[in-house]
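For reference, the structure is listed below as structure tokens.
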Amino acid sequence: MKISIVVLTYNHEKYLTECIESILNQEIHDEYEILIGNDKSPDNTEKILKKYEKNEKIKIYNRTENIGATKNLLDLLEKSQGEYIALLEGDDYWVDNKKLLKQIDILDKNKEYVLCLTQSLTVDENSKIIGEKQIDISKIDSIKKLFFYRGGIPTGTVIFRNIFKNTVDKEVKKLLTSSNIIGDLSLFSYLINYGNFYNLKEKTGAYRYITNSGTSYSAMNSYKQGLELEKVVKEILNYDKTDNEFLKLYLNRIQYKLLKNNWKYLKTLSLWEKIDVFKYIMLLPYYNLKYSNIKKEVKKNAENK
């Protein structure tokens, strides 16, 4: 099996057909499978999926209870049999029918890359183009660079080597499910340990940006987004020991913003976390300068490669 295409869906009845058809329109010469995890959607998602039940390439998993986006993803990753895995959410879609061919070719020829991403259009709920999602660098080769550029990585365009065929250990499972909502940053932080990320600077996908409804990260207010991001960064810090100083600084910045947003957040912190945050606040100009210098160094390094 060359590639497994993993699709996560929840309440995507308006968009799911467009998503699936964009996969089926791909020019794929190798054997492939499509794994769709429906996280007990209360809308007509299951009814729409019934139309594809007879397609031997498609494996549908209708959850009997809502398990959350990251547990849904983890289960599908463990079930994937392909040499590579491609990700797509049920409200996004691909716009280049040769997308998979191009990315597979890059990964086949360049063993130092564990993941290949591309640029993406950004569309609204009516598929109207409202912008683009992309990064301008050719390669991500460190946890720092990943964190500074993560917002521009269109998750629905990525393909990566399948390192999940064997049983995933408890620590990795804990990392990948640290938040119910945010799964991409945890996954990317894990994959960066296995190789570099290559950026194919072509638009191959469409990322749907909806802020007025739903349970997605983009639909949350900034405080809730911060709480979810805090969970993820804490677990990455727990798991990845390659750059603790930077990750700790990044975590402190999140916690400071949460505290500014809502003082009740202080009650959620342990005594040592409170001490740590107040230390950060007391030396805020120093830490801001330190963060700014790290960011400049990373961007300068990225431009020179």
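Not one N or O on the side chain of D92 forms a donor-acceptor pair closer than 3.5 Å with the backbone of G156. Using modelled atom types, no side-chain atom of S292 and backbone atom of N288 make a donor-acceptor pair closer than 3.5 Å. When atom types are taken as modelled, the side chain of S80 and the backbone of G82 share no donor-acceptor pair closer than 3.5 angstrom. When atom types are taken as modelled, the side chain of R161 and the backbone of Y113 share a donor-acceptor pair closer than 3.5 angstrom. Distance alone, capped at 3.5 Å, places no donor-acceptor pair between the T177 side chain and the T70 backbone. For Q26 (side chain) and L100 (main-chain N/O), a donor-acceptor pair under 3.5 Å exists by modelled atom type. Distance alone, capped at 3.5 Å, places no donor-acceptor pair between the N162 side chain and the E83 backbone. Here the side chain of N262 pairs no donor or acceptor atom with the backbone of L258 at under 3.5 angstrom. Side chain of S41 to backbone of N11: a donor-acceptor contact under 3.5 angstrom is found. Within the 3.5 Å criterion, the main-chain N or O of K98 finds a donor-acceptor partner in the side chain of D96.
Atoms CZ and CG, on F278 and L269 in that order, are 9.0 Å from each other to the nearest 0.5 Å. Atom CD of residue E297 and atom CG of residue N293 lie 8.5 Å apart, to the nearest 0.5 angstrom. Summarising the geometry, atom OH belonging to Y239 is positioned 5.0 Å from atom OH belonging to Y190; distances are rounded to the nearest 0.5 Å. Atom CZ in F197 sits 10.5 Å away from atom CG in D141 (nearest 0.5 Å). Atom-to-atom distance recorded for I192:CD1 and L187:CG is 11.0 Å, nearest 0.5 angstrom. In this structure, CD in E46 is found 8.0 Å from NZ in K40, a value given to the nearest 0.5 Å.
Taking a cutoff of 4.0 Å between a charged side-chain nitrogen and a carboxylate oxygen, K139 and E112 do not qualify as a salt bridge. A salt bridge does not link E235 with K231: none of the charged nitrogens is closer than 4.0 Å to a carboxylate oxygen.
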* May I have the step-by-step check of salt bridge (charged side-chain N to carboxylate O under 4.0 Å, His left out) for E33 and K79, ending in yes or no? => CA-CA 11 Å; E33 61 179 358; K79 286 180 166 65; over 6 Å; no
* Asked: Under the side chain to side chain contact (heavy atoms under 4.5 Å, CB included) criterion, do Y287 and N252 qualify, and how do the steps go?
  -> CA-CA 9 Å; Y287 285 119; N252 285 154; 5.8 Å; no
* After noting the C-alpha distance and the side-chain angles of Q81 and E31, does the key distance pass the side chain to side chain contact (heavy atoms under 4.5 Å, CB included) rule? -> CA-CA 11 Å; Q81 296 301 305; E31 190 178 357; over 6 Å; no
* Asked: What do the steps show when you test Y250 against I236 for side chain to side chain contact (heavy atoms under 4.5 Å, CB included), and what is the final call?
  -> CA-CA 11 Å; Y250 199 93; I236 293 171; over 6 Å; no
* **side chain to side chain contact (heavy atoms under 4.5 Å, CB included) between K145 and I137, intermediate numbers included** => CA-CA 10 Å; K145 200 176 288 186; I137 59 174; 3.7 Å; yes
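Among I85, L88, N72, I34, the one residue that satisfies the side chain to side chain contact (heavy atoms under 4.5 Å, CB included) test with V6 is I85. Evaluated for a side-chain hydrogen bond (donor to acceptor under 3.5 Å, both in side chains) with E202, the options Q119, K102, Q134 yield exactly one hit, K102.
T118 is not listed as a side-chain neighbour of P154, based on a closest heavy-atom distance of 4.5 Å or more. Within the 4.5 Å cutoff, no side-chain heavy atoms of V158 are placed close to those of D184. Under the 4.5 Å side-chain criterion, counting only non-hydrogen atoms from C-beta, N110 is not in contact with Y198. Residues I58 and I36 form a side-chain contact, since some pair of their non-hydrogen atoms from C-beta on lies under 4.5 Å apart. In this structure, the side chains of N38 and L16 stay at 4.5 Å or more apart for every pair of heavy atoms. Side-chain contact between K2 and D108 is present, with at least one heavy-atom pair separated by less than 4.5 Å. Between F147 and L247, some side-chain heavy-atom pair lies under the 4.5 Å cut-off. Counting heavy atoms from C-beta outward, Y10 and E89 have side chains that stay 4.5 Å or more apart.
Closest of all the heavy-atom pairs between V232 and S186 is CG1-OG, 3.3 Å. In this structure, K274 and L266 approach most closely via the heavy-atom pair CE-O, 3.1 Å. Taking every heavy atom of both residues into account, L35 and S4 meet most closely at CD1-CB, 4.0 Å. Contact detail for I159 and A86: the closest heavy-atom pair is CG1-CB, 3.7 Å. Scanning both residues, A206 and V123, for their nearest heavy atoms gives CB-CG1, 4.2 Å. Shortest non-hydrogen contact noted between N180 and E228 is N-OE1, 3.8 Å.
Residue K260 qualifies as open at atom NZ: its count of foreign heavy atoms under 6.0 Å is 12 or below. By the neighbour-count criterion of 12 heavy atoms within 6.0 Å, atom NZ of K71 is sparsely surrounded, having that number or fewer from other residues, nucleotides or ligands. The number of heavy atoms from other shown groups lying within 6.0 Å of CD (E21) is above 12. Crowding of K111 atom NZ: a count of heavy atoms from other residues, nucleotides or ligands under 6.0 Å exceeding 12. Residue-environment remark: NZ (K257) stays at or below the threshold of 12 foreign heavy atoms within 6.0 Å. The environment of NZ in K201 is crowded: more than 12 heavy-atom neighbours from other residues, nucleotides or ligands sit within 6.0 Å.
Cluster annotation: I60 and L24 are assigned to the same hydrophobic cluster (Ile/Leu/Val/Met/Phe/Trp/Tyr, side-chain heavy-atom contacts under 4.5 Å, transitive). Using a 4.5 Å cut-off between side-chain heavy atoms of Ile, Leu, Val, Met, Phe, Trp and Tyr, with links allowed through other members, L77 and L115 fall into the same hydrophobic cluster. The cluster map of Ile, Leu, Val, Met, Phe, Trp and Tyr, joined by side-chain heavy atoms under 4.5 Å apart, puts V7 and I48 in the same cluster. In the hydrophobic cluster analysis, where Ile, Leu, Val, Met, Phe, Trp and Tyr join through side-chain heavy atoms closer than 4.5 angstrom, V168 is grouped together with Y61. Side-chain heavy atoms closer than 4.5 Å link hydrophobic residues (I, L, V, M, F, W, Y) into clusters, and following such links, possibly through other members, connects Y286 to Y256.
When only modelled atom types and interatomic distance are considered, N25 and N97 share no side-chain donor-acceptor pair under 3.5 Å. For the 3.5 Å distance criterion, the side chains of S127 and R208 qualify, holding a donor opposite an acceptor.
For Q103, the side-chain hydrogen bond (donor to acceptor under 3.5 Å, both in side chains) partners two or more places apart in sequence, or in a different chain, are K99.
For the pair R253 and Y291, the cation-pi criterion (under 6.0 Å, within 45° of the ring axis) is fulfilled. For the pair K299 and Y149, the cation sits on the ring face: its NZ or CZ lies under 6.0 Å from the ring centre, inside 45° of the axis.
The aromatic rings of Y209 and Y207 sit tilted, their planes meeting at an angle between 30° and 60°.
Clustering of Ile, Leu, Val, Met, Phe, Trp and Tyr by side-chain heavy atoms under 4.5 Å joins L289 with none of the others.
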